Amino acid sequence: MRLKRDHNCGDLSKATVGKEVRINGWINTRRDLGGIFFVDVRDRYGLIQVRFNNDLPSEILDVVKHLNNEDVIAVAGTIVERPADSVNKKITSGEIEIEARDFELLNKAIPTPFEITKRETGSEDLRLKYRYLDLRTETLKRNMHMRHKASQAVRRFLNDNNFMEVETPILMKSTPEGARDFLVPSRVNPGKFYALPQSPQTYKQLLMVAGYDRYFQIVRCFRDEDLRADRQPEFTQIDCEMSFVDEADVRVIMEDMISTVFKETIGVDIPTPLPIVSFDEAMERYGSDKPDIRFDLEIKNVEAFAKATEFSVFHSALDNGGVIRALPVPDAAVFSRKKIDELTNHAKKYGAKGLAFVKNTEEGLQGGIAKFINEDAAKLLLDATDAKVGDLILFMADEWETALTALGALRTLLANEFGLVKKDEYKAVWVVDFPLFEKDSESGRLVARHHPFTSPKIEDIDKLESDPMSVKARAYDMALNGYEIGGGSIRIYQKDLQQRMFKALGIGKEEAQEKFGFLLDAFEYGAPPHGGIAFGLDRLIMVLTGESSIRDVIAFPKTTTAQSPMDGSPSGVDTKQLDDLHIQLKVDKG
RNA sequence: GGGGCUGUAGUUCAACUGGUUAGAGCACCGGCCUGUCACGCCGGAAGUUGCGAGUUCGACUCUCGUCAGUCCCGCCA
């Protein structure tokens, strides 16, 4: 190229008027007025209007006349002030333009499959197929820049606080305890597989044993599970671990980190210390273990009321060990039958069997289950819910977690519909005191709610064998605007306690030694007390950018079927490759 | 594994209750235009209605299957 740039499009302003500059960039838009030709040139830094007059040499004019959007060009010219009546207030460089003297077409572009300046054109799969074009759009450029800024803020903060960045293996041992692993065959080890890390959990604990007492890594993690708007098969974690700490130490420094990131990226103050709620309280009040606390709309316990009614569904639920909870919805007594049916269907997605309701009107309780409610019961209900005239009260009778989760889902849905969620508000909260175990719904066996390395609360250790479901974990999650953006725990660091934990999970001594022997062995060589946390960087960027899909904050994401329309991955491979890996397929490769 | 929604020129959308040659904006091509900035004006080209089957005199439209995208449930230690 002849005309190499000495400025970028974001450098130019009124202060540079009179300067001779050279810029390189893409054609954003162009306007041919006959005797005068305007081209808006775009690069990563900004947008600047270039004017081509018709006194330029015809070699230049002939090319300029046939320029297209997204052609790559070089322009040499003078920065000049625009006539006062031709100022474009919509762009930052709107007061100036470049009067072109020399020009070079660096590369032509064929018409793009969607318009770069209009992100609403082009379906998502088309934009994913041409991701390098989508990344040219303002929105994605802004998102990727936000991601960069947040990552840098995290690195700076952690470095300033003595955290050391250490890389851990991408090829590791498969431990099929939690999510399904991505497996990697090995040519030199026939019949054996590595797994891609679901998280560097064991490695960071081993780094603590090594004495690297503050570790971090911005690290890719892999899980072969179904995708969602906020879930990708590969995603990035801000992974941290610290030695000689308890829960409060980790919380204090990590909420400081998140607060710093918000300040440095979008200028928002997240006041610390963050509020702390227990898992039980989060479930009881918000129906979620990652509550959105930007709005009230809280769930109420109405069991005293339920017992006083003649509604048999309530009584049988209670007899079967279930609970009765209510969600009072202000000013929703006007809801139609159809609307309430919609809410019922929404609740059913979360395992609810039905949804009872009653309307609080001037004439008392009406509609729904009103006929089962006598005067005494009505008083109990209004006391428990603080419902005002004009409110709708929704009831759920079910198992504790099902009832609350379903009401929590309705809470979120209704808050959005009523506009209770303010877009520019950010409220984070710690959720603590999680149960250590939960029952696997299929097998009924005990599984770790967080992971098997999470320490039980010291006062609960005695109940590990006798009453495991009552044992609480030394775990903490950070929820932000209804997203779980981080989670961690104080870890087990003693071999015997770790072995008891494995045993409680139904992992035999030999199996534990085979799968996690390296960790158990390490605990015998002076393992310090330690704990840590991992934040989902992608979700954090989602919140910072206000996006509702994780794909919009990842440079090259996958579709919901875990495919890449751009490069066609995953794809079949040659028989030769498979032979090298000692692999035979059971199905035809696609 | 299950459910919802969507699929029509390059692209965004339209096409009545199943009925003539499937239309329009943007993009593209040609022409005109010296202050535009979503420039404007005139003209042109552009379609296996995702794919396959069925119902029908007739299917973009109805039915079934399939593929893809997306959202949700399950799943995500």
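The chains referred to below are lettered A, B, ... by the order of the sequence lines, with proteins before strands, and numbering in each begins at 1. What you see is a predicted model; the values in this text were computed from it and never measured.
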- prompt: Contact class for A:F114 (heavy atom, under 4.0 Å): base, sugar-phosphate, or nothing?
  reply: nothing
message: Does the plane of the ring in A:Y132 sit parallel, tilted or perpendicular to the ring in A:Y130? Use 30° and 60° as the thresholds.
response: perpendicular
- request: Select base, sugar-phosphate, or nothing to describe what A:K90 touches, counting heavy atoms under 4.0 Å on all strands.
  value: sugar-phosphate
- prompt: Going by an N to O cut-off under 4.0 Å, is there a salt bridge joining A:K339 and A:E342?
  reply: yes
- request: Classify the side chain of A:D226 and the base of B:G74 as holding, or not holding, a donor-acceptor pair under 3.5 Å.
  value: yes
- prompt: What interatomic distance, in whole Å, is found between P of B:C42 and the corresponding atom of B:U55?
  reply: 49 Å
message: With rounding to the closest Å, how many angstrom separate the P atoms on B:C29 and B:A68?
response: 35 Å
message: Base, sugar-phosphate or nothing for A:N54? Non-hydrogen atoms, less than 4.0 Å.
response: base
- prompt: Is a side-chain donor-acceptor pair under 3.5 Å present for A:T139 with A:T137?
  reply: no
task: Please measure how far the P atom in B:G25 lies from the corresponding atom in B:C67, and state the result in whole Å.
output: 38 Å
- prompt: Between the base of B:G35 and the side chain of A:R82, is there a donor-acceptor distance below 3.5 Å?
  reply: no
- prompt: How far does the P atom of B:A59 sit from the matching atom of B:A22, given to the nearest Å?
  reply: 14 Å
- prompt: Between A:T112 and A:L67, which is nearer to the 5' end of RNA chain B once each is assigned its nearest nucleotide?
  reply: A:T112
Any donor-acceptor N/O pair under 3.5 Å between B:G74 base and A:R228 side chain: yes
task: Determine the contact category for A:F37: base if any of its heavy atoms lies under 4.0 Å from a base atom, sugar-phosphate if only primed atoms, P, OP1 or OP2 are that close, otherwise nothing.
output: nothing
message: Using a heavy-atom cut-off of 4.0 Å across all strands, would you classify A:L126 as base, sugar-phosphate, or nothing?
response: sugar-phosphate
message: From C-beta outward on A:D125, which listed nucleotide comes closest to its side chain: B:G69, B:C28, B:U11?
response: B:G69
query: Is A:R411 reaching over with its side chain to a backbone N or O of A:D292, donor-acceptor style, under 3.5 angstrom?
result: yes
P gap between B:G50 and B:C33, integer Å: 43 Å
query: A:R31 and A:Q49: side-chain donor and acceptor closer than 3.5 Å?
result: yes
Whole-Å P distance, B:A53 and B:C5: 25 Å
query: Want to settle it: does A:F453 or A:P565 sit nearer the 5' end of RNA chain B, counting the closest nucleotide to each?
result: A:P565
message: So, under a plain 3.5 Å distance rule, would you say the side chain of A:E97 forms a donor-acceptor pair with the base of B:G35?
response: yes
- prompt: Do A:R231 and B:C75 share a donor-acceptor pair, side chain to base, under 3.5 Å?
  reply: yes
- prompt: When the P atoms of B:A14 and B:C75 are considered, how many whole Å apart are they?
  reply: 38 Å
- prompt: Roughly how far apart, to the nearest Å, are B:A45 and B:G58 at atom P?
  reply: 32 Å
query: Which part of the nucleic acid does A:P83 contact within heavy-atom distance under 4.0 Å: base, sugar-phosphate only, or nothing?
result: base
- prompt: For the residue pair A:F502 and A:F516, is the inter-centroid distance of their aromatic rings smaller than 6.0 Å?
  reply: yes
task: Check every atom of B:A27, B:C39, B:C71 against the side chain of A:R30 and return the nucleotide holding the closest atom.
output: B:A27
- prompt: Quick one: does A:E115 reach the base of B:U12 with a side-chain donor-acceptor pair under 3.5 Å?
  reply: no
